[in-house]
Amino acid sequence: MTSSLKLGAAILAGALAVASVWAEDIPEIAVVHQIIDPSADTPAHAFRFEPKLLHVQAGATVRFKGSTGRHTVTSILRMIPVGARAFEIRGKPELDLTLDKEGVYGIRCRVHGRHGMVMLLVVGDPDANLEEAKAHLSELGEAERAGFEELFAEMEAQNG
């Protein structure tokens, strides 16, 4: 092998080794889609987040897709961990959020929440604010409350 080929092979091997180290440092991105399904049989199925219940570790990045038109991704202030930053995404086909505070995050579409378009995002340990988030349910509209009650029950069933 010529010296230039040996040098090229050595550079390529080094680059692959560095790339594999960097790849381990890059957190996985969880994706949430906002869905409008005109063929759905109920408003709660027509307007929804997928997934509606998502578990990630603290420091994870969540990519929200489809916040276009009148859709929003809106955190419910009394249903996020103390010290977590409230957020609202609107008019963005895609936006990444990195979540560092452990707990549950109640999220709704500001427009379609009245149809039950809600999701529960669990970051690390849900116990950080679980009781406070549940206590806020009585202040929500009927469809939002029903959606969150279902999601809390599903989360608790998964956690045993």
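Computed from a prediction, not measured in an experiment: that's the story for all the values here.
Under the salt bridge (Lys or Arg N to Asp or Glu O under 4.0 Å) criterion, K101 pairs with no residue, sequence neighbours left out. Shown here are the side-chain hydrogen bond (donor to acceptor under 3.5 Å, both in side chains) partners of E50, two or more places apart in sequence or in another chain: R48. For K92, the salt bridge (Lys or Arg N to Asp or Glu O under 4.0 Å) test picks out no residue, with sequence neighbours left out. Qualifying side-chain hydrogen bond (donor to acceptor under 3.5 Å, both in side chains) partners for D125, counting only residues two or more places apart in sequence or in other chains: none. Applying the side chain to side chain contact (heavy atoms under 4.5 Å, CB included) rule to T68 yields the partners P93; only residues at least two apart in sequence or on another chain are considered. Partners of R114 under the side-chain hydrogen bond (donor to acceptor under 3.5 Å, both in side chains) rule, at least two apart in sequence or in another chain, do not exist in this structure. For A146, the side chain to side chain contact (heavy atoms under 4.5 Å, CB included) test picks out no residue, with sequence neighbours left out. Remark: E154 engages L53, L151, Q158 in a side chain to side chain contact (heavy atoms under 4.5 Å, CB included) (not counting sequence neighbours). E102 pairs by the side-chain hydrogen bond (donor to acceptor under 3.5 Å, both in side chains) definition with nothing, not counting sequence neighbours.
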Residue pair R90, V111: steps toward the side chain to side chain contact (heavy atoms under 4.5 Å, CB included) verdict: CA-CA 11 Å; R90 65 171 65 203; V111 175; over 6 Å; no

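A pairwise comparison of heavy atoms in A40 and H45 identifies CB-C, 3.6 Å as the closest pair. In plain terms, the two heavy atoms of A86 and S75 that are nearest each other are CA-OG, 3.4 Å. In terms of heavy atoms, N129 sits closest to P81 at ND2-N, 3.3 Å. The shortest heavy-atom contact between I80 and L77 is CG1-O, 3.4 Å. Here the closest non-hydrogen pair linking V104 and P126 is CG1-CB, 3.7 Å. The heavy-atom pair separating A128 from G103 by the smallest distance is CB-CA, 3.9 Å.
Hydrophobic clustering, with ILVMFWY side chains joined whenever heavy atoms are under 4.5 angstrom apart, keeps M155 apart from V62.
Residue I35 belongs to no hydrophobic cluster, having no ILVMFWY side-chain heavy atom closer than 4.5 Å to its own.
Distance check, rounded to the nearest 0.5 Å: NZ of K52 to CG of L121 gives 15.0 Å. K65 NZ to H33 NE2: the interatomic distance, rounded to the nearest 0.5 Å, is 5.5 Å. For the atom pair CZ (R85) and CG (D100), the distance works out to 10.0 Å, reported to the nearest 0.5 Å.
Applying the ring pair (Phe, Tyr, Trp, His ring centres under 6.0 Å) rule to pairs touching residues 113-157 yields F47-H115, sequence neighbours excluded. Sorted by first then second residue, the ring pair (Phe, Tyr, Trp, His ring centres under 6.0 Å) pairs that include residues 49-103, not counting sequence neighbours, are H71-H112.
By the 4.5 Å heavy-atom criterion applied to side chains, V73 and L95 are not counted as neighbours.
Looking at R63, its side chain never comes within 3.5 Å of a backbone N or O of V31 through a donor-acceptor pair.
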